Protein chains: 2
Amino acid sequence: MTLDDTARSPRSGGYANGRARREQILDAAMALFGEVGYRSASLREIAARSGISHPGLLHHFPTKEALLLATLERRDEIDASGMNEDGDGDDGVGLLRRLVALVELNSRRRGVVELYAALSAEATSADHPAHEYFLERYRRTIAAVSRAFALAREQGALRPGVDPALAGAQLVALMDGLQLQWLLDGRTDMPGAVRAQIESQLTVPL
Amino acid sequence: MTLDDTARSPRSGGYANGRARREQILDAAMALFGEVGYRSASLREIAARSGISHPGLLHHFPTKEALLLATLERRDEIDASGMNEDGDGDDGVGLLRRLVALVELNSRRRGVVELYAALSAEATSADHPAHEYFLERYRRTIAAVSRAFALAREQGALRPGVDPALAGAQLVALMDGLQLQWLLDGRTDMPGAVRAQIESQLTVPL
DNA sequence: CCTACCGATCGGTAGG
DNA sequence: CCTACCGATCGGTAGG
């Protein structure tokens with residue numbers, strides 16, 4: 001709201017502090033939701049990690065559920081900005097190459113992987129506050145990957161007999177399952193397994 | 001301990017009642033652990049579903065953790081008896097065919113799938129009481145599936161260039177990811193996707 | 001943003 | 001197997 005950078009210092013007015021505090025809370029929430037899931041995470045623990053009291057946290061996010069949804073929104077923003085910066089081309093093979101790069105990135109962000117592993121399992125319950133979110137997220141993700149395989153077919157790069165829709169669902173399932181193995185043993189080569197899976201469906205190397 | 005069947009009726013002595021009650025508790029625990037995970041499940045709710053008080057439950061299982069481990073043991077027994085009854089042969093392709101049959105069975109047992117989806121995600125935390133159990137379980141399962149692919153290679157049924165160890169890890173990951181999708185949308189064709197995956201690695205039809 | 005509090009619920013124990 | 005209880009913790013609110 002001002003051109004002077006010093007105006008954003010802690011002493012000044014404006015909402016810069018509030019915004020920073022919100023992000024601090026969301027980071028702590030993301031970490032704890034990933035560690036123990038939504039149901040078992042306590043507002044008091046998230047607040048303590050953010051350096052405030054738990055009623056202080058509730059000033060920024062009125063309910064635990066609102067905090068969860070804000071956490072998911074924030075992750076989507078970060079992922080969206082990450083996925084769009086590469087320049088691998090928008091054809092099917094390029095999109096699939098980009099997907100491997102995303103898996104490589106995730107294997108350096110354990111917190112993100114933990115968050116989705118914990119919440120996607122929890123959210124299979126119909127009454128979970130993130131149930132609709134994950135339903136829609138899977139629908140959209142599988143559709144996007146299936147479209148990448150369909151585009152690869154137009155390029156003549158898809159192995160004959162491969163159904164793009166099935167290959168899309170399979171690849172998303174593979175990625176989720178690999179995350180579990182990697183979180184458990186810390187050794188599983190997620191990008192390698194994803195790359196091999198994609199290449200087994202294509203007639204060209206990645 | 002007696003040859004007279006009527007001696008096992010509710011009024012009589014012996015431990016038949018205790019055994020039946022234990023199984024009742026384990027069934028309720030399996031269901032609730034699947035619905036909300038281990039951490040969020042309460043002994044009181046499991047006890048209520050079993051028709052006893054929660055100190056009554058603690059008479060049969062001294063701690064919540066002991067109940068969890070007993071639940072996992074019971075599931076293993078049931079699965080082991082189910083996996084051994086088919087007669088598909090013990091060669092690689094036969095074992096893989098049996099795996100598809102197991103997935104078909106699981107798609108009629110939502111409770112079992114829920115239990116493993118919820119607990120395997122929770123147990124990625126190093127301090128979870130089932131952490132070691134799932135580490136060992138994945139190690140063993142992936143080894144068994146990898147061995148099936150290795151046997152298939154000896155039969156000349158494996159597609160050239162396929163690494164049995166990688167194919168094993170991929171197939172297990174695929175199964176876990178498909179379970180998530182199926183639990184979420186109730187539509188995903190788990191056996192179809194698993195069968196297609198296996199066939200894409202083989203040179204013979206299943 | 002805080003302290004102080006609410007009613008509910010938790011795993012486990014005492015004592016029978 | 002029960003009732004009754006323990007100390008701890010939960011999400012959320014009151015009041016400032």
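The figures here come from the full heavy-atom set of this structure, side chains too, leaving out hydrogens, waters and symmetry mates. Note that the coordinates shown come from a computational prediction; the quantities given were computed from them, not determined experimentally. Each chain gets a letter, A, B and so on, in the order its sequence line appears, and its residues count up from 1.
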Asker: What integer distance in Å separates B:Leu58:CG from C:dG15:P?
Answerer: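 It works out to 17 Å between those atoms.
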Asker: Check the distance between D:dG11's C1' and A:His59's NE2 and give it to me in whole angstrom.
Answerer: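 Answer to the nearest Å: 18 Å.
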Asker: Can you tell me how far apart CG (B:Leu68) and CZ (B:Arg39) are? Round to the nearest 0.5 Å.
Answerer: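 Separation between the atoms: 11.0 Å.
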Asker: Measure all distances between protein nitrogen or oxygen atoms and nitrogen or oxygen atoms of nucleotides 8-10 of chain D, and list the pairs falling under 3.5 Å.
Answerer:
{"from": "D:dC10", "atom 1": "OP1", "to": "A:Ser42", "atom 2": "OG", "distance (Å)": "3.0"}

Asker: Got a sec, which residues hit ring pair (Phe, Tyr, Trp, His ring centres under 6.0 Å) with A:Phe33, two or more places apart in sequence or on another chain?
Answerer: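 Listed in chain order: A:Tyr38.
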Asker: Can you tell me how far the CG atom of A:Leu183 sits from the OG atom of B:Ser125, to the nearest 0.5 Å?
Answerer: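 Rounded to the nearest 0.5 Å, the CG-OG separation comes to 9.0 Å.
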Asker: Using a 3.5 Å cut-off on both pairing distances, which stems of three or more Watson-Crick or G-U pairs include DNA chain C?
Answerer: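 Stems found: C:1-16 with D:1-16.
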Asker: Check whether any side-chain N or O of A:Arg159 sits under 3.5 Å from a backbone N or O of A:Ser200 as a donor-acceptor pair, and report yes or no.
Answerer: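 Yes; judged by distance alone, with no hydrogens or angles, the pair exists.
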Asker: Examine the side chains of B:Gln197 and A:Gln197 and answer whether a donor and an acceptor come within less than 3.5 Å of each other.
Answerer: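 Short answer, yes.
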Asker: Please collect all side-chain hydrogen bond (donor to acceptor under 3.5 Å, both in side chains) contacts where either partner lies in residues 21-34 of chain B, sequence neighbours excluded, each pair once.
Answerer: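 Qualifying pairs: B:Arg21-B:Gln24, B:Asp27-B:Arg74.
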Asker: Is it true that the NZ or CZ of B:Arg75 lies under 6.0 Å from the centre of B:Tyr116's six-membered ring and within 45 degrees of the ring axis?
Answerer: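 No cation-pi geometry.
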Asker: Against B:Asp90, only a single residue in B:Arg97, B:Arg147, B:Arg98 fulfils salt bridge (charged side-chain N to carboxylate O under 4.0 Å, His left out); can you say which?
Answerer: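 Output: one option passes, namely B:Arg98.
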Asker: Using the salt bridge (Lys or Arg N to Asp or Glu O under 4.0 Å) rule, collect all pairs that involve residues 46-66 of chain A, keeping only residues at least two apart or in two chains.
Answerer: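 Those involving residues 46-66 of chain A are A:Glu35-A:Arg49, A:Glu45-A:Arg49.
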Asker: Could you state the interatomic distance from CG (A:Leu178) to CG (B:Asp176), rounded to the nearest 0.5 Å?
Answerer: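 Interatomic distance, A:Leu178 CG to B:Asp176 CG, rounded to 0.5 Å: 9.5 Å.
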Asker: Tabulate atom names and distances for all N/O pairs under 3.5 angstrom spanning the protein and nucleotides 2-4 of chain D.
Answerer:
{"from": "D:dC2", "atom 1": "OP1", "to": "B:Ser53", "atom 2": "N", "distance (Å)": "3.3"}
{"from": "D:dC2", "atom 1": "OP2", "to": "B:Ser53", "atom 2": "N", "distance (Å)": "2.9"}
{"from": "D:dC2", "atom 1": "OP2", "to": "B:Ser53", "atom 2": "OG", "distance (Å)": "2.4"}

